[in-house]
Participant: 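This is the structure, below, for whatever I ask next.
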Amino acid sequence: MTRAEGKRLRAGVAFTSLWIVGLAVFTAYPVAASLFYSFCDYSILKAPVWCGLENYRQLAQDELFWKSLRNTLFYAGLSVPLGTAVALGLAVLLNCEVGGRSLFRLLFFMPSIVPVVASAMLWLWIFNGKYGLMNGFLDLFLSPFGLHGPAWLADPSWSKPALVIMSLWGTGNAVVIYLAGLQNVPAELYEAAEIDGASAWRRFIHVTLPAIAPVVAFNAIMALIGAMQLFAQAYIMSEAANGNGNASDGNPARSTLFYTIYLFSTAFQDLRMGYASAMAYVLFLITAALTWMAAQFSRGRYEDSP
Amino acid sequence: MTRVHKGSRRVAMGLLLLFSAAFVLPFVWLLSTSLKPIEQTLSLPLTFIPWAYTADLGGKRVEVTLDFQVTQPGAVVRFLAGEDAGKLGFLGARQLASGSVPATVVHPVAAGSWHVTQRLDRALGEEGPAPLWDVLPRDRIDSRIRPRWDNYPRALAALGGDSASDRDRVGFWTFLGNSLAVAILGVLGTVISNAIVAYGFARLKWRGRDAFFALTLATMMVPFPALMVPLYGVFKALGLIGTLLPLWLPTWFGSAFNIFLMRQFFRTIPEELSEAARIDGCSEWRIFWRIVIPLSTPVLVVAALFHFIFAWNDFLGPLLYLTRKDTYTLALALAGYQSQNGGVQWHYLMAASAVTILPVIILFLFAQKTFIRGIATTGTKG
Amino acid sequence: MSPRHKACLPLLLAAALPAGAAQAVHVTYWEKWVGFEAQADQAVIDRFNRSQDRIVVDYSSVSHTDRKTLVATAGGDPPDIAGLNEQNIATFADAEALLPLDDFIRRDGMTNTEWLSRYYPVYARICSHAGHVYAGISTPKVMALYWNKTLFREAGLDPDRPPRTLAEFDDYSRRLTKRDPATGRLTQVGFLPQDPGWWPWIFCSWFGGKLFDEQRVTFASDPRNVAAYDWIQSFTRDYGLDNVKVLSSEFGPWASPSAPFFTGRIAMVFQGVFYDNYIHQYKPGLDYGVGPWPEAVPGVTDFAMAEADVLVIPRGARHVREAWEFIKYVNSANPDARTRDELRGAELLDYLQVKNSPLRVWSPFFAEHNLHPHIAMMRRLSASPNVVSAPDLGIWQEYYREVISSFDRVRLLDATPREAMAFSQSRLEKSWERYRRSLERHGQWAALGETAP
């Protein structure tokens, strides 16, 4: 190494030194420790005892683990496509030359920055089976037939759809992104299509969609990663749905036992930190796979010349 | 922008109005509930308007609550015998005619009248004379719109729980202070540390830089829940469990996403500016501080705003690390408010939620453009 | 309070108090209560703080006290005293999160047996685990049958004679159930197992079943437990699932004026000693009676359930001796108290919280001037040989969750009792096996095994 190289290296390390410490203490060590604990019987109060693959073996046989995974996939499988569709639809509508566009954009975006605890409280109230806004609205259509809206969060078959509906309210983030993506589609493409006499729908399918597909795919996968980590709203709402103040079981009837809730209660309620670490690692692998997919979609978009 | 026909534009406008109504209605519901008296939050049919009802009871004009509508005609009576002798009560027409309950009629009541009770703003458990009541036709009850703004101070006062000891009585202002401390210290940490680190990645050439940067990007895929357990151990070893530090200290040591965001921006600043400064004998630190930072305000503001919102809204972090009430953030206190009050007082809960939402909405309205540009760039280019 | 203010507090106190008190040890105490129970706690603490000049107990109301205590103990910064639920004791003790109180008791010149014999047996059982005393009682609770006398009268039943046997209970429940003749919808039910639905396992014990048999989980294998869940499901079958859903959609929270027992939607409930306070608060004037659970197993009279909130010292607490002094105070009383001012410790707390005392000996004032309208019944049930409490089991939290989950599935007709319970049983067997192995690994099993129930 020449002196100049050495000097540059020192400067580089000096500038990134905070991150070197941060990476080591707040990421690298936890990732390694988590892996170690996942092979241990560990409760934080007692010293970890090595138990090999036992945690992973138990995980494979743990009905609740699978249930939490199924619940999470159900939620993600519903909220991500619906959220993407709604956001894309709204973005397309906004992209028509309509008046008041920035006001609409503002209105759609606002819910997405509402603190999740506050929006959980609000939706808890909206989904109240008797006095809630949702059933008040639905009953306008249902009561002529002698029907009544469901009990939502108190009903195991409606609690997850309720959370999905709530997630749609927070989809404004994606609206903004997709709108920006739509605005980046070169106008010449549309003009060419128009000259060819393509209908608006065909233009959307053949011009718009291919042009913004990478953005949509990337953001949908990011949303999927987020949905896999669903915690706060489900935790708060299930605590309230039960009434006896214990959220660790995903009430009612474990219908909202999501992956991160099970992980949290295993670790910090049952103090089974080793088992929780094994769960954490499985989540880590799932997320890594999804991220890799996202990277495939966005490959080349942020690779710039050195 | 897509050019569309006038007709389709009208359809689009209609759809947008419909959807924006769906997005705005929850906010309206939140506000309307927060301004109602408790019994109106639990009454049907639903209304968005907070009412005040008044009626003449016992010769006095008093505020009343509408309890229920009587379905059959009958009378308000005074009982003559039995345990209830001397008390007032309501008897249906058939019971009255059968004479099975000895009573004298005070006044007759038509079907569809309302049972009303005097509204006493007494704290639970507080003793006092029993409230007056009567059964009156709807046209003898006045209604006018009256938002209860005093729900707000009451909800905030109840946020910390009505603990018996003064020392323990922490409340809204403590929570607000904690939330602000965590958010502001976190914003400072985010902006300062990530700018320094990103400069090292963006504007300096050194051996191992690209490999290290790839590693940095790779850490973005580690989900926080996967790190909860060992991170808890780290902060235990540092003796910080139960303090606010675990919530903001890590921001002073960089984060992959922000490093990436800022690096991308720094690279758009012409290299010639740095070169010229280097020839003039400027140190890297000086170039960073005097040239790059002043040109980078947009990205710094975006990172600051994002972090503020994240810190303000965070629930899992405070849930994990905070044990004492005097360290609670507003979000955590709000979540606790719901679980510590057996019967949910929706009007107070909505008022407290509104107060928690307000700062981020204000921040957003002030920095709307930056926000939207920030979201759009990170979502489409990052 | 900001850290800076906290730092100021001792200084202010030092300036304000006489010199001796400046050296007083401050004991931190986390408790779940807010409202009037917290005021009662504070009154007891004030009395304790004034009774001597070495110790000052500082009360903090903390929601989810159990999880917060565990997290703080694991994090190395626990309170000196934590107010937990009794169900936490075994789990926390096995996790080595609690300090046994045996040494303190011995230092005070008593054996564990002597110390525990001052309580009614059920509360003595609650305080101990694996041969050690881990807790003192803060708030004892007895659950009894509450019935609405007005509805009894309407149904032509004797309002002063509650059902005495299970068959009678079922019969009463049918006679107290009303439907809207036009729609067939329920307007009132005699009994609904899910209200309040907090302790579904008690129905198993009531039917004579066992939840744990020396070394094994017996949730599904004990036919009496299955019979209890069959009985629970029979209510949904009789009423109709939709009818129950519609009816219960009108129920307000249990502690509100619109709670179904207060609005006359449900005629009989099993509730705790604390329920009278809520009746007084939300439905003053309700005409109701309180009695033992009907005989479900012939010969088992005065059946009831007891549980308690307890005081423990987490491991790693800084002022353990002072913490013990306070726990001892709250678990003793002045047996000669003849006026309110002479009440001490447990009796003062229970008098102010309007509950029963866990101690066998009651002072004349506490017994005679108690504000609880049914205190005699509560005392009779506390002393009953047939009062039961939750099993002393390290996996009880998981067990409880399974019990609830099965209960929900059964009452919502999602599964037959046998199916739901077998599912829970297989999970619990695995959990117990894992738990036992973990204790073995840490060398704790032998100690636990010796004293296993």
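Below, read A as the first sequence line, B as the second, and so on, with proteins coming before strands; counting in each chain starts at 1.
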Participant: Nearest 0.5 Å, what's the CD-CD1 distance between Gln229(A) and Ile225(A)?
Facilitator: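 Interatomic distance, Gln229(A) CD to Ile225(A) CD1, rounded to 0.5 Å: 8.0 Å.
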
Participant: Do Trp169(A) and Ser119(A) have a side chain donor and acceptor closer than 3.5 Å?
Facilitator: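 Their side chains do not contain a donor-acceptor pair, so the 3.5 Å distance test is not met.
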
Participant: Which atoms of Val222(B) are under 4.5 Å from chain A, going by heavy atoms: the side chain, the backbone, both sets, or neither?
Facilitator: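 Backbone plus side chain of Val222(B), per the 4.5 Å heavy-atom cut-off to chain A.
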
Participant: Need one label for Phe310(B): side chain, backbone, both or neither, based on atoms under 4.5 Å from any heavy atom in chain A.
Facilitator: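 Answer is neither: Phe310(B) stays 4.5 Å or more from chain A.
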
Participant: What residues, two or more places apart in sequence or in another chain, satisfy ring pair (Phe, Tyr, Trp, His ring centres under 6.0 Å) together with Tyr281(A)?
Facilitator: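 Checked Tyr281(A) against ring pair (Phe, Tyr, Trp, His ring centres under 6.0 Å); matches are Phe284(A).
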
Participant: Who pairs with Arg203(B) by side chain to side chain donor-acceptor pair (under 3.5 Å), at least two apart in sequence or on another chain?
Facilitator: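 Arg203(B) satisfies side chain to side chain donor-acceptor pair (under 3.5 Å) with Ser274(B) only.
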
Participant: Does any heavy atom of chain B fall under 4.5 Å from the side chain of Val282(A), the backbone, both, or neither of them?
Facilitator: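 Neither part.
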
Participant: Asn194(B), Leu249(B), Leu330(B), Ile259(B): which one forms the most heavy-atom pairs within less than 4.5 Å of chain A?
Facilitator: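 Winner by heavy-atom pair count: Ile259(B).
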
Participant: Need one label for Asp139(A): side chain, backbone, both or neither, based on atoms under 4.5 Å from any heavy atom in chain B.
Facilitator: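 For Asp139(A), there is no contact with chain B at all, as no heavy atom is under 4.5 Å.
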
Participant: Who among Thr216(B), Val24(B), Asp314(B) has the most heavy-atom pairs with chain A under 4.5 Å?
Facilitator: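 Result: the option with the highest number of such pairs is Thr216(B).
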
Participant: Please look at Thr291(A) and chain B and tell me whether the side chain, the backbone, both or neither of the residue comes under 4.5 angstrom of a heavy atom of that chain.
Facilitator: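 For Thr291(A), side-chain heavy atoms alone lie under 4.5 Å from chain B.
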
Participant: Against chain A, label Leu332(B) side chain, backbone, both or neither, depending on which of its atoms sit under 4.5 Å from a heavy atom there.
Facilitator: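 Neither the backbone nor the side chain of Leu332(B) comes within 4.5 Å of chain A.
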
Participant: At a heavy-atom separation under 4.5 Å, does Ile309(B) approach chain A through its side chain, its backbone, both, or neither?
Facilitator: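 The answer is the side chain of Ile309(B).
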
Participant: Do you know which of Phe288(B), Phe212(B), Phe48(B), Trp252(B) has the most heavy-atom pairs with chain A at a distance under 4.5 angstrom?
Facilitator: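 Of the candidates given, the most pairs with chain A belong to Phe212(B).
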
Participant: By a 4.5 Å heavy-atom criterion (distance strictly below it), what part of Leu46(B) contacts chain A: side chain, backbone, both, or neither?
Facilitator: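 Interface part for Leu46(B): side chain.
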
